[in-house]
Colleague: 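Before anything else, here's the structure in question.
Just so it is clear, the model here is predicted, and its values are computed rather than measured.
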Amino acid sequence: MEKHANFGSRMGAIFAAAGSAVGLGNVWRFPMEVGNNGGAAFILVYLLCIVLMGLPIMISEFVIGRHTQSNMIEAFRKLAPGKWWRFIGILGIFVAFIILSYYIVVSGWTLYYTYSSFSGMLMDNDTDYGAFFGNFVANPWLSVLFAAIFMLLTHIVIARGVQSGIEKCSKVMMPMLLLIIGLLVLCAFSMPGIDEGLRFLLKPDFSKLTVSAVLSAMGQAFYSLSLAMGCLCTYASYFGPKTRLMSSAVSVAAIDTFVAVLSGFIVFPAVFSVPGVEANAGPGLVFQTLPYVFNMAFDSVPWLGYLFSGMFYILLFLAALTSAISLHESVTAYVHENWHMPRKKAATLVSVATMSFGVVCCLSFGVLSGWTIFGMNIFDLFDSVSSKILLPIGGVLIALFVGWYLDRKLVYMEVTNNGTLSGRFFGVLLFLIRWVAPIAITSMFVKGLLDML
Ligand code: PFF
């Protein structure tokens with residue numbers, strides 16, 4: 001039997017898990033949600049959701065992964081042999097596969113926009129960037145090509161293995177990402193819209209805080225922390241016995257939240273720098289509105305515009321890559337361990353299968369746009385079904401499993417590293433896992449369903 005892989009250091013483990021969490025959700029989705037839901041008040045609720053719901057589930061996944069040293073399906077098989085709880089593992093890996101199929105499409109866009117920034121295509125006053133984006137996504141060759149390049153990069157990292165692929169890459173890319181974000185925030189402070197941007201982000205307007213905004217904050221927290229897809233459980237199976245589960249989870253959540261909030265500090269000063277551009281522009285905010293913003297805001301110093309927009313899309317790309325790696329690993333670890341296939345072969349199988357679905361997602365903006373189910377194209381269908389239905393179901397089940405089914409002593413021993421760490425917060429943690437998280441997520445789930453109907 002091959003020895004189970006391990007991260008070489010605690011730092012590597014934290015960077016890898018943070019890499020999974022920090023993704024398009026932080027830089028693209030978070031500012032969009034903040035913009036749509038009224039700014040600072042939304043951020044406050046979001047922080048509450050991270051603490052009350054995100055952290056307990058993240059720790060639950062860590063407990064399952066590290067205790068079993070297995071991929072998600074195997075983990076549930078070991079902990080609850082013969083029981084239907086195994087379904088949670090199957091669901092998690094299935095969702096990881098589905099999310100990866102459409103995640104590589106948007107990730108391909110980030111690559112194309114990086115290329116477009118540096119080649120000067122995004123710095124032309126006369127371009128209509130809405131049409132630019134529309135033409136790109138509708139072009140089957142270009143969008144598939146960039147998604148395929150992205151997939152190939154992800155594949156290379158996964159094929160190299162846990163320590164020399166995932167860990168090494170996270171240790172290089174996460175600091176790079178944090179550096180770029182720092183530079184971009186500095187640039188944002190020199191923009192004319194900085195005052196208005198800061199006001200929007202820091203001054204809460206509670207009148208905008210509707211039930212729907214609260215539920216969106218919960219959904220965003222869930223997605224952003226990469227919960228319920230087997231990623232964190234799989235990564236935790238590579239944690240060593242000395243890794244502290246609680247403090248690692250707090251570090252990952254803190255890095256993830258920090259990057260999300262800083263992304264707001266970049267996007268909104270930029271948006272408010274140009275009259276006529278709205279903060280609530282929705283999904284197009286980053287791909288359709290921002291090129292226009294960079295262009296106008298740096299009209300007098302074009303080279304700064306190139307640099308700012310180039311760095312911004314590299315940031316998106318790096319964030320997307322570390323998350324895609326974790327999604328890929330969640331599926332590959334299962335194929336590798338349970339189908340007894342060498343890692344490289346397992347990775348190739350997963351890459352080819354994901355890319356096949358990815359092509360359909362790419363084409364759903366162009367030649368296959370007529371293929372709709374419940375009024376959604378394939379891309380939107382994958383996104384909605386996975387994030388609004390399957391993720392919440394998985395999340396509630398994980399919380400119930402760890403909170404009610406698993407032996408309390410087992411959970412305590414994992415959380416305290418066999419009693420060597422203080423168990424002071426264990427009672428609070430268990431209460432959150434047993435009651436708060438399942439109830440909060442169930443309400444999110446019901447809201448998601450009602451939205452879809
Ligand atoms: N957390 C990632 C983001 O914020 O973009 C997305 C993601 C990655 C979701 C991995 C789920 C996952 F398993």
Side-chain angles (χ1 to χ4, degrees), residues 5 7 10-30 50 54-55 57-62 64-66 71-72 75 92-93 95-100 102-104 106-107 110 150 153-155 157-158 161-163 165-178 220-239 243 245 248-260 263 315-334 347 350 354 386-387 391 394-395 398:
F7 288 128
R10 271 190 265 175
M11 208 53 203
I14 292 179
F15 271 138
S20 169
V22 173
L24 295 172
N26 303 60
V27 192
W28 165 65
R29 208 164 181 272
F30 181 79
I50 293 277
L55 271 175
I57 297 204
M58 189 185 288
I59 296 170
S60 301
E61 286 204 38
F62 282 177
I64 296 171
R66 197 195 33 202
N71 66 76
M72 201 174 182
I93 291 186
V95 183
F97 179 75
I98 294 291
I99 294 194
L100 184 59
Y102 77 79
Y103 207 77
I104 56 169
V106 185
S107 306
T110 67
F150 185 85
L153 295 173
T154 311
H155 174 84
V157 176
I158 294 293
V162 174
Q163 273 193 23
I166 301 173
E167 185 174 356
K168 223 182 208 171
C169 173
S170 309
K171 274 173 151 172
V172 175
M173 290 202 295
M174 287 309 287
M176 240 161 91
L177 186 142
L178 294 173
Q220 173 62 21
F222 214 70
Y223 184 88
S224 189
L225 292 180
S226 302
L227 302 177
M229 270 157 277
C231 298
L232 297 179
C233 177
T234 308
Y235 274 10
S237 77
Y238 307 139
F239 285 1
T243 302
L245 301 191
S248 302
V250 171
S251 310
V252 171
I255 297 177
D256 187 65
T257 309
F258 183 66
V259 172
S263 300
L315 169 73
L316 263 183
F317 162 72
L318 288 177
L321 186 58
T322 48
S323 295
I325 288 170
S326 72
L327 287 163
H328 198 306
E329 178 62 16
S330 174
V331 189
T332 301
Y334 164 67
V350 175
T354 315
S386 54
S387 61
L391 281 192
I398 289 174

Colleague: Between the side chains of Ser224 and Asp256, does any donor sit under 3.5 Å from an acceptor?
Modeller: yes
Colleague: Less than 4.5 Å apart, side chain to side chain, heavy atoms only: is that true for Val162 and Glu329?
Modeller: yes
Colleague: Assess the residue pair Ser107 and Leu24 against the criterion (side-chain contact (heavy atoms from CB on, under 4.5 Å)); give the C-alpha distance rounded to whole Å, side-chain angles, the decisive distance to 0.1 Å, and a yes or no.
Modeller: CA-CA 8 Å; Ser107 306; Leu24 295 172; 4.1 Å; yes
Colleague: Give me the atom names and distance for the closest heavy-atom approach of Val252 to Ala21.
Modeller: CG1-CB, 4.1 Å
Colleague: Please round to the nearest 0.5 Å and tell me the distance separating atom OG of Ser330 and atom OH of Tyr235.
Modeller: 9.5 Å
Colleague: Are any of the side-chain heavy atoms of Met72 and Tyr334 separated by less than 4.5 Å?
Modeller: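 SC-SC contact between Met72 and Tyr334 ruled out.
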Colleague: Do Ser248 and Thr243 have side-chain atoms, one donor and one acceptor, less than 3.5 Å apart?
Modeller: no
Colleague: Who pairs with Lys168 by salt bridge (charged side-chain N to carboxylate O under 4.0 Å, His left out), at least two apart in sequence or on another chain?
Modeller: none
Colleague: Would you please classify the geometry between the Phe239 ring and the Phe7 ring as parallel, tilted or perpendicular, with 30° and 60° separating the classes?
Modeller: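 The rings of Phe7 and Phe239 sit tilted, inter-plane angle from 30° to 60°.
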Colleague: Could you tell me how the ring of Tyr223 sits relative to the ring of Tyr103: parallel (under 30°), tilted (30 to 60°) or perpendicular (over 60°)?
Modeller: tilted
Colleague: Just how far is it from atom OG1 of Thr354 to atom CD1 of Ile99, taken to the nearest 0.5 Å?
Modeller: 12.5 Å
Colleague: Identify, with sequence neighbours excluded, every residue that meets side chain to side chain donor-acceptor pair (under 3.5 Å) alongside Ser170.
Modeller: none
Colleague: Give the intermediate values and the outcome of side-chain contact (heavy atoms from CB on, under 4.5 Å) for residues Ser323 and Val22.
Modeller: CA-CA 7 Å; Ser323 295; Val22 173; 5.8 Å; no
Colleague: Please tabulate, for side-chain N and O atoms in residues 12-19, each donor-acceptor pair with protein atoms closer than 3.5 Å (sequence neighbours left out).
Modeller:
none

